[in-house]
Each structure stands twice: as structure tokens, then as C-alpha cells.
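Take a look at the structure below.
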Amino acid sequence: MDLNVNDYDFKKIEKKWQTFWEKNSIFKAEDFSKKKKFYCLVEFPYPSGDGLHVGHPRSYTALDIVARKRRMQGENVLFPMGFDSFGLPAENYAIKTGVHPSIITKKNMEKFVAQLKSLGFSFDWDRAFSTTDPEYYRWTQWIFLKFYEKGLAYKAKMPINWCLSCKTGLANEEIVDGCCERCGGDVEKREIEQWMLKITAYAEKLIEGLNGIDFLEKIKTQQINWIGRSEGAELDFEIDGMNEKIRVYTTRPDTLFGATYMVLSPEHRLVPKITAENNRNAVEEYCRKSLKISDLERTDLKKEKNGVFIGAYAINPVNGEKIPVWIADYVLTSYGSGAIMAVPSHDKRDFEFAEKFGLPIRCINCPDKASADAAGVSIEDILSGKTCWPGEGRLINSSNACGLDINGLSIADAKSKTIEWIEKNEIGKAKVNYKLRDWVFSRQRYWGEPIPMIKCPKCGWTPVPESDLPVLLPDVEKYQPAGNGESPLAAISEWVNAPCPKCGEPARRETDTMPNWAGSSWYFLRYVDPKNNKRFADMEKLKYWMPVDWYNGGMEHTTLHLLYSRFWNIFLHDCGLVPVSEPYAKRTSHGMLLGEGGEKMSKSRGNVINPDDVVNAYGADVFRVYEMFIGPFDQAASWDAKGIAGTDRFIRRIWKMITESEISDAVTTREQARILHSTLKKVSHDIESLDLNTAISQMMIFVNEFSGEGKIPRAAAEDFLKVLSPFAPHTAEELWSRLGNESPISLQPWPEYDEALTKADEVEILVQINGKPKLRFTAPAGSSKDALLKNALDNPEIKKSVEGKELLKTICVPDRLVNLVIK
RNA sequence: GCCCGGGUGGCGGAAUGGCAGACGCAACGGACUUAAAAUUCGUCGGGGAAACCUGUGCGGGUUCGACUCCCGCCCCGGGCACCA
């Protein structure tokens, strides 16, 4: 070690205090304590073979700071950690090496625990568990059975995304750019029997629930957009000369008079039925072709519209008009009813299609001149169908002989009047639609929770009785998926063959496992009571601890984990099994930690920072403070090796300030008191808003003030160490004990600040003339406006500037400035 | 295309509508040292000798006063994407 470096031996200090905290259970959360409870949660990691990523501690340190502060403020804090250990990487590793996933997972978890402990997080380790523990997944399976019991888990033959290389089904969410999220391989559509969870039944509650909770606005918006609620109408168009109807969903029932043709998706069930003989060849060929095109290509907006006329006509229910029926792949089978009424005059896609195929375009909604001008289109073009107008306007050409007249109305009024009319005439009804789809809950994989169902030839799907849970994963020889759509479990005949729980006849177990999102959908409930073997968690403990008061995690989980886990909790609440509907009272998000130069850290780029190396070189406290100082918490930040040296300097200056100064009993000077109390105030507030970078800046200002004097008042030193302790807990504990304190700093009360002392006695007042800074003078804080104004106007230099000019206006901001407006 | 963010020195970034650039990094200069490192003191948006001028992506506006509010653009990051 360098000779000149002071005796800041972080390795020794960190080890010492980590051992002390653990031995004395300093961070134990107490069930049913009289203190105010605070449940503070970070997303538990997948224990990958690469070990902890520097991104993990960004979130963990921030909430560790909050947890430590709240503890010092006298709250009973639950800050738990665990592992989300099912998943593909362990299984792929097993396929490659033949090592059982549980072995590699266990090894990885041990490494993670050691790494997390080395960073000094104040987790209550007694509550740790892994989603792969049979005692945990027993209850994951149990909850699945609840979904089944309530009719929310069902099996359906579904076109699913099939990863050709992983040989398994993927959820829509696991596909990135048309490829498998995990392996990047090609994905195609296949029809397979899948277990589904009916999350769509909770679409409304998932939107409504957002009202009462404190989530970042962008998180709420993203979830709302993902659920994609739209209001409109569902109505039937009869097919001319046939006893068939086409059902359509529209958000613009007001445009019914402008419907000039219809479009079915190529997969629509009516297509083979209603296609005219003359058109059959072309239609069949079009359908064949569109099935081959991947979803990605099909939904490419830039692709030119195409389609074919099927030789049938529908009757527009509002005006009896015969309109042609086409098929086109721009209509999706998976949304609405898979069929649309096309209104080319007021829908861009329909317009594009109609133009290409020469279909009629009839304007029925005209904007006022101002809106048309603003959009850069002419009213003549809109009226003559030369252009499309999707915006607001007044209805025209929209009345019939059967009592519907919406001419002159706005879109909103026309909508409600039309819906009223179609409901009265039993043509259709108001309808709410969602983009959200049900959740494909089956994986044809080994390393996941077995789905606890048995298929009996006589009784059909039968749930495994509660008393037989957990359905344990059996040992297998080969982890490779069968490749025929079955999981490797299907090959274990002694496991697969089981008697039917209902009739006792030979039956077969479900061989699909759950997706890796299953275990993380309820883990926050288990932390409350992790060792319970009678129930997933004791109701009284749930009542005490739930909801989670503060949950921090990545934005990438907004529409997956965060939505799924809300769904599970709301469902369990509806079943009367958990006390609160919304699991998380508050959700914040951290920005990504990028490599040097702003690129994503990855092995291939060679820019991965290993937290162990940083802890070895600088210590956990420097690492923690650096990650918090790197930039605004919610924004992406790039790692900077030089920046960490500055944080190292800061911690060492603190060390020096305490160990090399005379600790005096003197009181602080007025200016020192101002800086001390400003620091106590700013750090207290900034922790709650996660403005941790500015909290650290303020502590640096404190150190700049109190260093180099050779002495420091004890009270100031102690209060400073207290607010430092959540950030740099080891250093703070050590210095605190060196000041002669016996009880650990982690258990000290959080220091209070005096608002009056945060302000200076004297302030500098700026004098402006016409908004331009002219000069400054000092005045006692809190001086009256009149006094300040007088002071400014009495100044000879100002007098000179104002002389001979007309003083139009004076603005006086107490403690800040005087502005003189002259002419 | 739509929905969120964001754009401030060489860099990371600060600023309830009130002195733009806090705090840190880098750089430069001085002290200490035989020397270097470490430490420490100082300088540090641009132009100008100076008074002063200018400056927060671009163009307008509101205001005594705008990084901050409003209108119209441009660029970057993230999410969704033919959702009827």
C-alpha cells in the first residue's frame, strides 16, 4: 500500500462490520412490531453464472440507503433478498455439460450471496429463499390450482410462437425483433395445446388499480398502453344472399355511413364459406401466402397494402348499401373479431387500401377550416375523397330513413347516438376491447415448476390434490427438449404415469412446466412468512406487512413481471387470500448502467465491469457511493473508471477529516452550522426522492467546509456520520466507533435539522436594471422589500444609472434581488 | 406512425420563473518532494487588454426576468407498432 495513504484499510473495516451486523442481527425485520412498518423491495436476481452485474447494485444500493435511513428513523424495515432461479440459462448449461441445473444454480446462488454480502446491503438474510426450493414452488403450484379452480387457467390449442432452436413455446413478450429473446433464433407459428392464464379478465382491474398507487407516471402510461383499452361498438353486417353475418368491432361507429367495403383477415372462419366460386382460387392462394409470411413482415407498416376480393357483398346496416367484402392481411385475426368495416375517408389504412384497389371513398365528416389549414389539407380534397381525414369534425351525409340522423354532430355525439340506434335495432352493442392477450403459461422445458395437473382418459384434466403438492421435478438423464413439442419430462415414464386423483385409473401428468415469470409473480408475499409450511404466507403477517411500501426495479419489467405480479395479487385478493388488492404502493425505476462510452455492457464488447474487481480495488463503500453519484438515478449512466477515483478521494477525505482532526467540544460557527443543517436537510430529502447524486454533492460540500481546519466539533462530526452511514455504512460505523461510541451507528436515531439554521444571517442581494445584473450588496436575511429597494436606490452607481430615466416598475424578491425597470 | 423520456462547459451533471455551470472528473499552474505518485493551494463556457459582449438543440411567444412556462420544429434514447 502507498505510504502516504492514510490508514483507511477498507478490507479489514468492511469485513469487521459485516460480521458485526450479521452476528447481532442488526437488520432483522420483526413481525408485528409496534413500530411503523416499512416494506422495501428490490427485484430479486436470476443467479446467472456470470455473477452479479454492476447494474444490480445500482438498484440495491439506492433502496438499501432508503432502508437504512428509515430504520434509523425508527421504522420496522423489511428489506429482503432471494433468487429467481428457474430459467433457460441453467437448463441450456445443463444440456451442454450434463450437470443438473439445481447444482449449477446452487453454486451460482452461493456466489451471489457472497457478492451481495460484500457490498454491505442491509438485507434480512433469514428470509432468503429461491423460487426453485420445493417448499416455495409448492405454493406456486398451489396458486396455479386456484387459477384453475376459478376458471382462469385453461388449456387451448393456440397458434404459439415456437423457437426453432430452444424447441419451446415463447410468450409474445419473449420475442424481440421476431427472434427468440434468449437465443436470438428464428421463431415460427405452431399450433400447440397450451395452458393459458386469463389475464384479460383482469384488464379493467389492472387499469383501475393504477389510480390509487404511487407509480412513476411513465410506468402507469406504459401499462395502460400495453393493456390497450378502447371503447367502441360491436355490430353485425349481413351477407347479401346468405344466412351469415360478419361481426366487426369499431371504435368509430360514427363513421358507419362512410363504410364502403369490408375486410376479413385471411384466417377468418367465414372466408371459405362465403367466397364465390369464381374467386376461390385467388382467395385460397392469398390465404396460403399470408400464412407463410411471418408476423413481423405482416405487421411491417411500410409494406404496401394488398388483398383480394372474395366475391361476396355485405349489407351496411345503416343505409342498406351493398358493399364488397375483401380479405387482406392488414386485418389481424387476433384483435377484435378479425374483421373490419372499412371507412377509407376517415382511416388512413383503409384509405391506402381503397386507393390502391379503386374502392369508393365517401366523406362523411368534415373539419372546420382552421383544423384543415392546421393539418395542411384542403376541405375540397377531403369532401371529394382525395384525402383522408381521421380528425375531429362535423358529420355530413349521415342519416337514414329508420330514425338515425347524426348530421351536424361531433364525433363523440355521433358515436353515442349511433350506438343507441344499433342497440335499439339489435344490430350490435357498445363494446370495450383490449390489446392485452391471455398469458401463455406452458413451457416445454425441464427447469421450471411442473404444472400440477393430471389428464385422465375418463375424467379429463384433473388437478393434483393439495396434499400431494409439491409435484417435484424428477431427475432426468437428458435435459434436451424432445423437439416434438413435449418437455423432457415426457420421457420419464415412472413420473408421467400417475393414477387419476379422481377415479384412480391410470392417467398421465402434465409434462409442461411454468414460465420463469411464475415464481416472481408472488415472491413478495413469501418474504412476509418464508418458512410457513401450512400456507403460502400467514394472513396476519400479510396484514401486517402488505402492501410493499416501495418497490424499485427495471423499466424492462413494466409490462411483464410488474403487470403479471399485480395480476396474481389482485386475483389472490379476490379469492380472499391476501389482504390488499394492489401489491405495491410505490414503484420507482433505475436507469441502465452502461459501459464506458455509453454502450451496453456485454461480453462481446469486452466492456463488462465486474463488481468484485471494484470492491477489491476501492472497497464496497466507494463502489456504493460511486454508483449513486454517477448521475440521476432514473436515467442511464455510463461507467467511468476515472470518476470512481474521485469518489475514493471523497471517502478518504472523510476518513482524514475524522481521524486526523481534533474532535472538539466547541460549537459550530454560524456558517458551519448553516452547512451542517443544510446537509442534514438536503440528504434527508434527497434520499426520499432518490436524488442520491445531489445528496452526495451536499456531503462533499460539508467535507470541503470541515476539512483542513485541524479540528471539528463533535456534534457536527457525529451528525454528518449518521447521514453518511446509509451511503457508506462500513466507513461510517468504523469512524463512529473511533469517536468512542459503543452502540452501532446503524441503530442511531436519524439526526433532525433546524430549518432556521439552514439559512444564512446575511444574504447577497442582486440589483438588476431591466433584468440585467448590475451590482450586489449584502443585507440581513429577511430584510423587507422596502429596505432592499431603498438600499438599492441609495447606491451611487445605481443612482447614476437611474438618473434622468423614468422608473417604470420595481420588483423585489426578498433575500434574492431587486430589479429596476427604467426607460 | 403513436406513447414516454432526454438535449446545459472538454466530460458526468447542478439550478421552488430570480446571479447558468453547484458537486465531481479531466486539464493547466503553484507548493511539498532529489524525483514521481499521493497530498495541498489556485485557474478553468466562448470572445475581449478591459469595461463589456455572448452563451442551456433550433425558431417564435409570454414575462420586469425563461435552462425552467406556452406554440412550432430538429436530434438522441426507450416502449408499442396495420389494435379497426
Side-chain angles (χ1 to χ4, degrees), chain A residues 2-6 216-226 228-230 232 248-253 255 263 265 296 298-303 305 328-332 334-343 346-350 352-353 374 433-437 555-556 558-559 589 591-592 594 598 626 629-632 634-647 649-650 652-653 656 691 693-701 703-704 707-708 764-776 808-822:
Chain A
D2 206 306
L3 274 179
N4 282 314
V5 170
N6 48 43
L216 285 181
E217 215 44 51
K218 61 177 172 179
I219 296 175
K220 286 189 184 182
T221 316
Q222 231 183 84
Q223 289 205 343
I224 288 168
N225 291 347
W226 183 263
R229 182 185 200 276
S230 70
V248 300
Y249 172 72
T250 176
T251 54
R252 294 287 305 273
T255 61
V263 187
S265 66
L296 185 71
R298 211 174 130 170
T299 57
D300 187 349
L301 263 172
K302 284 171 222 107
K303 199 187 68 153
K305 297 274 179 295
D329 63 9
Y330 82 92
V331 173
L332 307 174
S334 52
Y335 184 77
S337 57
I340 61 156
M341 64 175 212
V343 184
H346 305 292
D347 181 284
K348 268 177 128 175
R349 297 152 302 179
D350 297 345
E352 218 181 290
F353 191 83
N433 239 326
Y434 302 94
K435 289 188 208 172
L436 186 71
R437 305 291 147 75
M555 275 310 283
E556 71 274 19
T558 302
T559 53
S589 253
M592 260 222 280
L594 305 168
Y626 174 63
F629 189 58
I630 197 166
D634 58 347
Q635 279 169 43
S638 12
W639 192 268
D640 176 15
K642 284 185 199 134
I644 199 162
T647 313
R649 237 167 274 164
F650 168 56
R652 286 172 191 277
R653 291 186 73 206
K656 215 170 148 180
D691 292 314
N693 52 334
T694 51
I696 293 166
S697 299
Q698 183 61 40
M699 290 192 277
M700 287 171 169
I701 291 171
V703 174
N704 289 344
S707 286
E764 194 175 57
I765 303 293
L766 173 75
V767 184
Q768 293 182 325
I769 291 187
N770 290 339
K772 293 241 150 76
K774 205 73 194 169
L775 66 89
R776 292 147 240 276
L808 293 174
K809 195 173 178 179
T810 58
I811 293 99
C812 211
V813 182
D815 291 350
R816 282 198 187 269
L817 63 78
V818 174
N819 187 13
L820 307 171
V821 185
I822 58 172

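What you see is a predicted model, and the numbers here were worked out from it, not measured in a lab. In the text below, chain A, chain B and the rest are named by the order of the sequence lines, each starting its count at 1.
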[X] [atom1] - [N] [atom2] separation (whole Å):
X      : N     : atom1 : atom2 : result
A:R649 : B:C23 : CZ    : P     : 15 Å
A:K435 : B:A81 : NZ    : P     : 8 Å
A:Q635 : B:G13 : CD    : C1'   : 10 Å
A:I769 : B:G18 : CD1   : C1'   : 16 Å
A:M699 : B:A22 : CE    : C1'   : 15 Å
A:N693 : B:G21 : CG    : P     : 18 Å
A:I219 : B:G79 : CD1   : C1'   : 13 Å
A:Y626 : B:G24 : OH    : C1'   : 10 Å

Gap in Å between the two [atom1] atoms, one belonging to [N] and one to [M], rounded:
N     : M     : atom1 : result
B:A27 : B:C2  : C1'   : 45 Å
B:G24 : B:C44 : P     : 15 Å
B:G61 : B:G10 : P     : 29 Å
B:C67 : B:G57 : C1'   : 12 Å
B:A20 : B:G7  : C1'   : 16 Å
B:G78 : B:G13 : P     : 16 Å
B:U34 : B:A26 : P     : 26 Å
B:G9  : B:C4  : C1'   : 29 Å

Is a side-chain donor or acceptor of [X] paired with a backbone partner of [Y] at a separation under 3.5 angstrom?
X      : Y      : value
A:Y626 : A:D640 : yes
A:D350 : A:V343 : yes
A:Q222 : A:T559 : no
A:N770 : A:I822 : yes

For [X], report the nucleic acid contact type (base, sugar-phosphate, nothing); a contact means any heavy atom under 4.0 Å.
X      : value
A:E764 : base
A:E217 : nothing
A:G228 : nothing
A:I811 : base

**Message:** Any heavy-atom pair between the side chains of A:E352 and A:Y330 that's under 4.5 Å?
**Reply:**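 No, side chains not in contact.
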
**Request:** For residues A:V818 and A:C812, determine if any side-chain heavy atom of one lies less than 4.5 Å from a side-chain heavy atom of the other.
**Result:** yes

**Given RNA chain B, 5'-ward residue of the pair A:M555 and A:D347, judged by closest heavy atom** = A:M555

**First encountered from the 5' end of RNA chain B, between A:G336 and A:K218** =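 Counting from the 5' end, the first nearest nucleotide belongs to A:K218.
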
State which of [options] makes the closest approach to the side chain of [X].
X      : options             : result
A:F629 : B:G12, B:G65, B:U39 : B:G12
A:M700 : B:C23, B:A84, B:C25 : B:C23
A:K642 : B:C25, B:C64, B:A84 : B:C25
A:Y330 : B:C82, B:C64, B:A14 : B:C82
A:N704 : B:A84, B:C3, B:G24  : B:G24
A:R816 : B:U16, B:G65, B:C82 : B:U16
A:K809 : B:C64, B:G79, B:G12 : B:C64
A:T251 : B:G79, B:A84, B:G65 : B:A84
A:I701 : B:C3, B:C23, B:G79  : B:C23
A:V813 : B:A84, B:G18, B:A14 : B:G18

Name the pairing partner of [N], where a pair is Watson-Crick or G-U wobble with both distances under 3.5 Å, or state none.
N     : answer
B:C69 : B:G61
B:U34 : none
B:G77 : B:C4

**Distance below 4.0 Å between A:Y249 side-chain N/O and B:A84 OP1 or OP2** = no

**Item:** N/O (side chain, A:S230) to phosphate O (OP1/OP2, B:A84) under 4.0 Å
**Value:** yes

**Prompt:** Between A:Y434 and A:Y335, which heavy-atom pair has the shortest distance, and what is it?
**Reply:** O-CE1, 3.5 Å

**Message:** I need the minimum non-hydrogen distance between A:S589 and A:L216, along with the two atoms involved.
**Reply:**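 The pair with the smallest heavy-atom distance is N-CD1, 3.8 Å.
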
**Message:** I want to verify the glycosidic state of B:G9; is it syn or anti under the 90° rule?
**Reply:**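 Syn, since the glycosidic angle lies within 90° of 0.
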
